[in-house]
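So you know, we letter chains A, B, ... as the sequences are listed, proteins then strands, and number each from 1. All values reported here derive from a predicted model rather than from experimental measurement.
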Amino acid sequence: CDIRSLGYEEKRKLLATIEKAVAFVTTMIFQDGSSQLNSEQVLTSSVKGVVVLVKNQTDYPCLPGYSSTDCTWDAANEDDKLIYLKTEWSSLWEQEQQAHKKFTWQVLFQMLRCKVPIICFNAKDFLRTLLQVYGNEISWKQVADSVVLDPRIAAWLINPSDTVPSFECLIQKYFEKPFSVETVNTDTGPLRNTSYQNLGVNLEKLYNVMMDLAHDLQVQGLWKLFCTLELPLIKILAVMETHKIHVNKQELKKTSEILGLRLKELEQEAHQVAGERFLLTSSHQLREVLFEKLKLHTLCEKVHRTEIQQLVSTSEVVLNKLQDLHPLPKIILEYRQVHKMKSTYVDGLRMCMRKGFISSTWNQTGTATGRLSAKHPNIQGISKHPIRITKKQYIKGKEEEIVTISPRTLFVSKKGYTFLAADFSHIELRILADLSSEPELLKLFQEPETTDIFSSLASQWKGIPSEQVKHADREQAKRIVYSVVYGAGKERLADCLGTTPLQASQFIESFMQKYKKINEFTKKTIEQCRNKGYVVSIMGRKRPLANINAQDYKLRTQAERQAVNFVVQGSAADLCKMAMVEIFTSVVVSPNLTARLIAQLHDELLFEVEDSQIQEFS
DNA sequence: TCCGAGACGCTACG
DNA sequence: CGTAGCGTCT
């Protein structure tokens with residue numbers, strides 16, 4: 001039914017039906033007639049309304065031998081209601097439309113409140129839109145109360161490596177096995193004018209896919225992870241996406257100009273010392289200058305090569321080695337640093353801004369390890385380290401001044417609010433210690449005098465007193481540890497450390513000698529993966545690795561590194577998400593706390609907290 | 001001759 | 001290891 005045609009009594013009945021519903025299956029309808037169930041929705045078209053399939057408790061008893069999912073399937077079209085809720089109005093002057101608008105959000109609000117599962121493909125977008133459309137009528141805490149199910153996330157949990165690009169693909173993958181549906185979508189072109197009838201069929205499919213996936217999740221032991229971690233996260237991300245972070249626009253413009261000037265200077269210097277003009281941003285042209293004209297690589301042993309074409313690399317590690325041979329590498333290194341700063345963190349950020357604010361888009365199913373990812377802007381990738389620029393000023397008195405540019409300070413909290421960050425301390429290393437039960441590593445974490453884990457580790461490993469540990473030792477220990485976590489080989493570690501592969505392999509050797517259990521853990525993990533075909537994290541998250549038994553050495557060893565990395569990184573992701581859900585929930589249930597979660601940087605949560613609540617919140 | 005898509009390289013983050 | 005994003009070059 002279309003709620004616009006309902007009378008008072010019918011509206012009352014509809015609300016009563018919603019009260020009794022066992023599930024809602026829903027999708028947004030866009031201005032161009034497409035829905036969330038159409039392939040690859042381009043979010044350019046604005047939202048027109050919402051279609052909801054209301055699943056009711058059926059009177060038909062389940063036939064013996066039938067599973068409950070089959071039963072609801074059978075009863076499908078009998079009692080269920082399909083309702084259309086228009087959320088956008090062409091003109092608001094009519095009294096009647098106001099009434100409809102009010103009733104629409106009454107229906108939606110009741111759906112959210114009654115704790116009956118709302119099934120939606122891309123549920124996060126649905127919730128975010130509700131928050132945006134009814135921002136004045138409902139608070140984010142109310143949305144946080146709802147229960148949403150998203151089959152895309154279920155599919156991702158079952159296999160996080162293959163991304164499900166659209167609803168159609170999901171149907172093809174998971175639905176067309178038990179019963180092939182007669183209403184196969186044979187439309188060749190993009191059939192935009194989807195009738196409600198067609199939508200009803202698709203929502204029915206959506207419901208059945210979700211039931212199917214729920215069953216699979218239970219069989220695979222992923223149900224708890226799905227319900228307690230991933231589903232609550234949908235709401236959290238939806239709320240996060242509706243929060244706007246203020247960016248200092250004037251500062252952004254100013255720094256863009258400063259960086260632009262510095263790039264011009266560096267470009268001139270580079271052309272000067274190279275003896276020719278070339279495009280500094282082109283690694284291809286740089287390669288010609290450095291290695292074909294100046295032949296710098298011949299003066300240097302074992303230079304890194306590019307992955308695909310096996311050409312001499314112009315990457316940071318190589319340029320660092322060439323520094324003493326010619327002035328050009330150093331100039332390029334600074335140019336790259338400044339260029340990255342300008343293009344990504346200054347100009348890139350400006351592109352993401354809307355009226356002085358940004359809000360990232362969060363992807364819950366974008367990684368194979370269970371981590372989140374963010375885009376437009378990628379707030380997880382904003383540089384930590386400031387860079388210093390000597391700005392040449394031709395004003396009276398001083399001729400130049402040094403300005404420091406740190407991208408993170410470009411984000412500013414609202415007036416009367418403060419950014420508050422809470423982060424895990426070395427979570428991946430702790431997980432490695434726990435999973436390997438390595439006694440020496442565990443001891444390090446338990447000792448109260450350990451203030452700096454990598455210094456202590458360097459001291460313990462090399463057997464030198466902690467006061468004598470130099471900064472270089474600490475850095476080395478840190479890099480070796482994470483190389484083990486990431487499963488890097490000696491060449492990779494050598495690049496990372498700036499040493500020879502021989503020395504790197506000796507480091508790995510002596511590290512493995514001291515912490516034997518870590519090596520055992522790695523071997524055990526790979527072995528387990530070979531037997532089962534997948535690896536498992538602390539919370540039971542899975543990653544199938546088809547190549548673990550491959551003939552090809554490169555593919556197999558890659559899968560082995562992925563296996564070890566998944567267990568550590570995936571487990572860390574589990575714990576970080578748990579923290580996220582717990583802290584968010586405690587803010588929601590608190591009657592007075594207003595702290596907003598702004599971003600998750602993997603092991604760090606960033607909040608915006610009212611100044612007066614900082615104590616209580618922390 | 002212009003333009004978009006895809007391959008590739010490099011570098012931030014964790 | 002695995003994300004995003006900027007940039008050439010074909």
Side-chain angles (χ1 to χ4, degrees), chain A residues 160-161 163 263 278-288 304-320 332-352 360-387 406-408 421 423-429 431-432 478 481-489 492-493 495-496 522 525 535 543 545 557-573 575-576 599-606:
Chain A
S161 301
T163 47
L263 284 178
F278 67 103
L279 198 51
L280 297 222
T281 46
S282 164
S283 43
H284 185 265
Q285 292 184 29
L286 177 63
R287 185 147 42 232
E288 282 180 351
H304 186 248
R305 289 182 175 268
T306 58
E307 186 60 41
I308 312 293
Q309 299 201 58
Q310 293 296 312
L311 303 169
V312 182
S313 171
T314 66
S315 66
E316 193 182 336
V317 276
V318 176
L319 260 45
N320 273 325
I332 297 294
L333 282 170
E334 191 185 346
Y335 185 90
R336 289 230 179 111
Q337 193 182 39
V338 177
H339 187 265
K340 175 91 182 175
M341 184 72 74
K342 178 165 155 61
S343 63
T344 306
Y345 304 125
V346 179
D347 296 345
L349 203 64
R350 291 171 91 184
M351 294 296 288
C352 298
S360 295
T361 304
W362 295 86
N363 191 352
Q364 200 174 343
T365 58
T367 69
T369 55
R371 273 155 56 138
L372 297 172
S373 72
K375 63 179 183 184
H376 307 312
N378 175 14
I379 203 166
Q380 295 178 316
I382 307 289
S383 180
K384 288 181 81 165
H385 308 290
I387 62 164
S406 55
R408 293 195 177 191
D423 66 303
F424 281 102
S425 161
H426 312 116
I427 186 168
E428 291 191 339
L429 192 54
I431 283 166
L432 188 63
K478 186 174 167 180
V481 163
Y482 285 115
S483 296
V484 172
V485 173
Y486 301 150
R492 180 76 184 225
L493 181 61
D495 282 345
C496 191
T522 329
T525 303
V535 269
R543 178 169 188 187
L545 286 162
T557 51
Q558 185 193 30
E560 288 172 355
R561 291 190 296 274
Q562 287 170 327
V564 175
N565 179 254
F566 175 84
V567 177
V568 180
Q569 196 185 108
S571 298
L575 299 195
C576 293
Q600 190 244 38
L601 292 79
H602 304 121
D603 62 350
E604 173 183 334
L605 297 176
L606 184 65

Task: A:K340/A:E316 ion pair, N-O < 4.0 Å - done: no
Task: Sequence-aligned protein contact record of nucleotides 6-14 of chain B, with B where the base is within under 4.0 Å of a protein heavy atom and S where only the sugar-phosphate is - done: --SSSBSSB
Residue list, side chain to side chain donor-acceptor pair (under 3.5 Å) with [X], at least two apart or on another chain:
{"X": "A:Q600", "value": "A:Q380"}
{"X": "A:S571", "value": "none"}
{"X": "A:T525", "value": "none"}
{"X": "A:T361", "value": "none"}

Open item on the list: Going by salt bridge (charged side-chain N to carboxylate O under 4.0 Å, His left out), name the residues that satisfy it together with A:E560, two or more places apart in sequence or in a different chain.
Closed with: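 Only A:R530 meet the salt bridge (charged side-chain N to carboxylate O under 4.0 Å, His left out) criterion with A:E560.
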- [ ] Only counting residues at least two apart or in another chain, list the ones meeting salt bridge (charged side-chain N to carboxylate O under 4.0 Å, His left out) with A:K342.
- [x] A:D347
Distances for protein N/O vs nucleotides 2-5 of chain B N/O pairs under 3.5 angstrom?
none

Could you pull out all residues at least two apart from [X] that satisfy ring-ring contact (aromatic ring centres under 6.0 Å, His included)?
{"X": "A:H339", "result": "A:Y335"}
{"X": "A:F424", "result": "none"}
{"X": "A:H602", "result": "none"}

Open item on the list: Categorize A:A572 for me: base, sugar-phosphate, or nothing, with a 4.0 angstrom heavy-atom threshold over every strand shown.
Closed with: nothing
TODO: Give the first and the last nucleotide of DNA chain C, reading 5' to 3', that has any atom under 4.0 Å from a heavy atom of chain A.
DONE: C:dC1 to C:dC9
